[in-house]
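Below is one structure, written out as structure tokens; the observations come after it.
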2 protein chains.
Amino acid sequence: MSTRPTTTTVKRRKVRRGRPLKTESTPDMRERILDAAEDHFSRHGFWGVTVREVAQEAKVDTALLHYYFNTKRGLFDAVFERRAEIINKERIDSIDAYVKSAGSAITVEGVIDAFLQPILQRAATGDQRWHNYFALIAQVNNTPAWGGETMGRTFDNVIHHLIDALRKALPDASEQELYWSYHFLSGALTLTLSQTGRIDRLSEGLCKSSDFEAIGARMAPFIASGFERLCKPQAARRKKAT
Amino acid sequence: MSTRPTTTTVKRRKVRRGRPLKTESTPDMRERILDAAEDHFSRHGFWGVTVREVAQEAKVDTALLHYYFNTKRGLFDAVFERRAEIINKERIDSIDAYVKSAGSAITVEGVIDAFLQPILQRAATGDQRWHNYFALIAQVNNTPAWGGETMGRTFDNVIHHLIDALRKALPDASEQELYWSYHFLSGALTLTLSQTGRIDRLSEGLCKSSDFEAIGARMAPFIASGFERLCKPQAARRKKAT
DNA sequence: GCCAATAATCATCAACTGATGAATTAACAG
DNA sequence: CTGTTAATTCATCAGTTGATGATTATTGGC
């Protein structure tokens, strides 16, 4: 409008085209795109996000998303798998370390705590990127259309590892009770990770969904009690006296 | 295909326009639109559905959706609130009936069972429309952007009613522990309602996420154990011996 | 130095999206 | 009968969407 080039191409507003110089502090566009996508997908789900929004936040052209990930879905899957490997390895190592150290004194609560701690600790650090990622998992886990399949492909290994360890702590448990108990554990964890802030409002500020320290201290005892109730039917049987 | 009008105006493929005749078995378009919307929103969430898809399934023109609900969001809200009143009343009545009948023999498991049964029984009947509705709740409950607010507006009354009843069964419980425990309950219930079929695949068919009878028998005991563990800290305190 | 491969932007597309004013037909009140 | 209101489809719009071929600039191997 008013400001325009006075002499020799002073007011260059044009973004550089072509391959970038390697020396200029390595922009690493691919990671920037993944971060932006993680941020948006975790908040609004797959269909609630446009590739333009992601591109805008990452400050790149939309064509670059397609260059790296082909399709919007390819981008989503890349986001979903990027951190899965890290957290899965941590959880398996944590379970193994606990099982080894506990020996015959293995407890349900110990196993579940070992399973949860890697996640809750990453969440507790306050790293927004991990927060986003966990919320993304929660979204996928509650997507009926394709969530079950995606979750399975990515996390079944770890879950079976967890259940194997739980079997050691609950040698008499039936398979069914173990899986149903895990189902309830998964739900509780998922809602925790989804970060809707619902419990904050419900409790009028008494509980904060971002207070992962409080959650970390309570979740394993809560869930372990449930496991023991369901998977140790011989002890303390005092159900509804019908 | 074979049965068709023999004489006058045989090949009429054009859909009728204008106000429909009242005598022709009352189509009740409004409900049909809500059913179709419920079906789609529950599967793909708000952004994963287009008004055209809903209109097509309901076999009406898209303009009719706007005639009844103004905007896509208005349609979504109407779907969400349609069944809320019914199920909320059932849950409050169920809790009240239990509290009254149990008297001083009130138990945590009894309260939670009374809270869950209305939902699980409706789900167990196999009515697809209620299935869809419950899956929709699960979607909303895991939508960080606006899920917490919508859930609160619709369900906070019932939840506070539940927690009031639980306080009677757990007179020494701190508010915080009660709310955290409810948080885990809510997560477990939500994942159950979301019907992703994940547990089916994980357990290789041993557990069926549509088997609400199995869930109804296990969920209240599981969750009640957790509540008692967290909210009765004086008894059986045997945490990790650090 | 030359040239193929790589990494990025530009310009554009056909399809789709939510929404709306006009037209059409029936119900209903007086 | 007649005019107003309710319920429905028609026709269409302006903006958005995911995607892509062309273009530009830099790297790195020979």
Please name the residue in the list B:Q128, B:R83, B:R43 that meets the side chain to side chain donor-acceptor pair (under 3.5 Å) test with B:E38.
-> B:R83
Listing, residues 57-65 of chain B side-chain donor-acceptor contacts under 3.5 Å, not counting sequence neighbours, or none:
from  : atom 1 : to    : atom 2 : distance (Å)
B:E57 : OE1    : B:H40 : ND1    : 3.3
B:D61 : OD1    : B:A63 : N      : 2.8

A:S186 (side chain) donor-acceptor with A:Y182 (main chain) under 3.5 angstrom = no
Any donor-acceptor pair under 3.5 Å from A:T143 side chain to A:W146 backbone = no
Which word best sums up how the rings of [X] and [Y] line up, parallel for under 30°, tilted for 30 to 60°, or perpendicular for over 60°?
X: A:Y133; Y: A:F80; value: tilted
X: B:H160; Y: B:Y179; value: perpendicular
X: B:W130; Y: B:F134; value: tilted

Donor-acceptor side-chain pairing of B:N88 and B:R91 below 3.5 angstrom | yes
Is there a residue in residues 37-61 of chain B whose heavy atoms reach under 4.0 Å of DNA chain D, and which residues are they?
-> B:V60, B:D61
What residues in residues 66-76 of chain B put a non-hydrogen atom under 4.0 Å from any atom of DNA chain D?
-> B:Y67, B:Y68
Solution key, residues 208-216 of chain B side-chain donor-acceptor pairs under 3.5 Å, sequence neighbours excluded:
from   : atom 1 : to     : atom 2 : distance (Å)
B:S209 : OG     : B:D200 : OD1    : 2.8
B:D211 : OD1    : B:E213 : N      : 3.4
B:D211 : OD1    : B:A214 : N      : 3.1

Quick one: which protein N/O atoms are closer than 3.5 Å to N/O atoms of nucleotides 24-26 of chain D? Pair and distance per line, please.
from   : atom 1 : to    : atom 2 : distance (Å)
D:dT24 : O2     : A:G18 : N      : 3.2
D:dA25 : O3'    : A:R16 : NH2    : 2.8
D:dA25 : N3     : A:R19 : N      : 3.1
D:dT26 : OP1    : A:R16 : NH2    : 3.3
D:dT26 : O4'    : A:R19 : O      : 3.2

Qualifying salt bridge (Lys or Arg N to Asp or Glu O under 4.0 Å) pairs with a residue from residues 184-199 of chain A, counting only residues at least two apart or across chains = A:R198-B:D156
Once you round it to whole Å, what is the distance between P of C:dA7 and CG of A:L64?
-> 10 Å
